[in-house]
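As structure tokens, the structure follows; a few thoughts come after it.
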Amino acid sequence: MAFSGGFMEKAGPYFAMIALQFGYAGMNVLTKVSLNGGMSHYVLVVYRHAFATVAIAPFALILERKVRPKMTWSIFFQIFVLALLGPVIDQNFYYVGLKYTGPTFACAMSNILPAMTFVMAVIFRMEKIELKKVRCQAKIFGTVVTVAGAMLMTLYKGPLMHLAWTRHSQAGGGGEAPAVVDPTGKEWFLGSLFVIIATLAWASLFILQTHTIKQYTAQLSLTTLICFVGTIQAVVVTFVMERRPSVWTIGFDMNLLAAAYAGIVTSSIAYYVQGLVIKKTGPVFASAFSPLMMIIVAVMGSFILSEKIYLGAVLGAVVIVVGLYAVLWGKHKETQEKEATPLPVATNGHGATNTEMIGAAGARNDRDATGPTRPASNGRGGGSASEV
């Protein structure tokens, strides 16, 4: 029994992260089907975050009723901007990019998030460049490689890849799923650009949230407020962009499933589970699983959607994953240095000394911009601000 308990305790985070990647992959495939079926991505964003708000709010009200900080105009303004960056800009641009390209391509491109967040952290002086240290060199190398992979995916489409399990459906002719879209060169480029813009908004959200969470420490309440304000903003944007009242119609169909699944599973359950994993194992561990989602999406997309995968996307994805792990390795080494560096010995005036390790503080500061403190997950699973 002791062996079994110890094994489950050690293997639990692995099982949880693998299950999360399947959850994220399912969201991408369901969303692709819904968008190709004619659902407006503006309306999908509204319904998704409405579901997320309803799912998270009860936990925030009950669990944080005694620790919720006082709301100020400054904090509200930050929440307003966070909602604009996340639910509105990030999600809408990502959904358009997903529609123009495909689930596999969009997931692969999203792995540029750690490098993009690192660059923004340097710009805002949240990250120091120490060129003599290997960990910093790894981050810079990973960033350059990641950008190169994104450019390769954007500018080079390449020939169609014939996967072993899709040959039968391709040979059968006419047996493809109706959700199949073969993007043109223009759609491929625009889709890539939209996913990059979405990822830039996502990285900006993490940078701003680093400051917000220090002032408003109730994590579930912050998530609920961002989802709620984002829902209102998304409604306004939808009324401006969609003039047809019929776009709001939703029944017990794939559109409802896509919105509910994205809001409840990937913006609520996944947020909580990933927060627990990051709290136990650290942010780098959780981030390292994001390429697995890309593989799962590729298999699910080719089976369910008969998605066409091109050589440029495969080569670019490989390059991006190499860059991703270089950045994560650099972050891992940085965390190890923080945990191993003691603070100077301080005296209390009576001859006694007090020595503390900054490891816990370093880990806490890392998480201020990461996992447990981030707003409701956008469901892509392509990393977190912990990768800065």
*Any donor-acceptor N or O pair under 3.5 Å, side chains His332, Gln336*: yes
Closest approach of [X] and [Y], non-hydrogen atoms and distance?
X      : Y      : result
Cys136 : Glu130 : CB-O, 3.1 Å
Val273 : Ala16  : CG1-CB, 4.0 Å
Asn111 : Pro114 : O-CD, 3.2 Å
Phe189 : Thr154 : CD1-CG2, 3.6 Å
Arg244 : Val247 : O-CG2, 3.0 Å
Val195 : Ser110 : CG1-OG, 4.3 Å

Looking only at atom types and distance, does a side-chain atom of [X] sit under 3.5 Å from a main-chain N or O of [Y], one as donor and one as acceptor?
X      : Y      : result
Gln21  : Leu292 : no
His49  : Val45  : yes
Arg68  : Ala60  : yes
Thr217 : Ile213 : no
Arg125 : Val122 : no
Gln78  : Leu208 : no
Gln137 : Leu131 : yes
Lys333 : Val134 : no

*Applying ring pair (Phe, Tyr, Trp, His ring centres under 6.0 Å) between Phe105 and each of Tyr310, Trp188, Tyr100, Tyr94, report the one that passes.*
Trp188
Test of understanding: clusters of I, L, V, M, F, W, Y form through side-chain heavy atoms closer than 4.5 Å, transitively. Do [X] and [Y] belong to the same one?
X      : Y      : answer
Leu257 : Val54  : no
Ile18  : Val29  : yes
Phe22  : Tyr24  : yes
Met116 : Phe124 : yes
Phe228 : Leu61  : no

*asked:* Between Leu225 and Met71, does the side-chain contact (heavy atoms from CB on, under 4.5 Å) criterion hold? Intermediate values first, please.
replied: CA-CA 11 Å; Leu225 288 170; Met71 179 62 66; 3.6 Å; yes
Side-chain heavy atoms of [X] within contact of [Y], under 4.5 Å:
X      : Y      : value
Met293 : Asn28  : yes
Met151 : Tyr156 : no
Arg48  : Met27  : yes
Met109 : Ile196 : yes
Met120 : Ser204 : yes

How long is the gap from [atom1] on [X] to [atom2] on [Y], to the nearest 0.5 Å?
X      : Y      : atom1 : atom2 : answer
Ile79  : Ser221 : CD1   : OG    : 9.5 Å
Leu256 : Tyr261 : CG    : OH    : 14.5 Å
Leu98  : Thr104 : CG    : OG1   : 9.5 Å
Met39  : Asn255 : CE    : CG    : 4.5 Å
Ile56  : Ser267 : CD1   : OG    : 7.0 Å
Ile140 : Arg135 : CD1   : CZ    : 10.5 Å

*Please assess Asn36 against Lys99 for the test side-chain contact (heavy atoms from CB on, under 4.5 Å), listing each intermediate value before the final yes or no.*
CA-CA 7 Å; Asn36 284 351; Lys99 184 176 181 179; 3.9 Å; yes
*Would Val147 and Ile112 count as a side-chain contact (heavy atoms from CB on, under 4.5 Å) if you check the C-alpha gap in whole Å, the side-chain angles of each, and the deciding distance to 0.1 Å?*
CA-CA 7 Å; Val147 172; Ile112 67 175; over 6 Å; no
*Set of ring pair (Phe, Tyr, Trp, His ring centres under 6.0 Å) partners for Phe239, sequence neighbours left out*: Trp248
_Derivation of the salt bridge (Lys or Arg N to Asp or Glu O under 4.0 Å) call for Lys133 and Glu334_ = CA-CA 10 Å; Lys133 294 193 174 183; Glu334 179 184 348; over 6 Å; no
_Met153/Ser192 under side-chain contact (heavy atoms from CB on, under 4.5 Å): CA gap, chis, key distance, verdict_ = CA-CA 8 Å; Met153 291 184 70; Ser192 304; 5.6 Å; no
Atom pairs and distances, side-chain donor-acceptor, residues 314-322, under 3.5 Å, sequence neighbours left out:
none

*asked:* Would you say that more than 12 heavy atoms from the other residues, nucleotides or ligands in this model lie under 6.0 Å from the OH of Tyr14, or not?
replied: no
*asked:* Tell me whether the rings of Trp73 and Phe76 are parallel (<30°), tilted (30 to 60°) or perpendicular (>60°).
replied: perpendicular
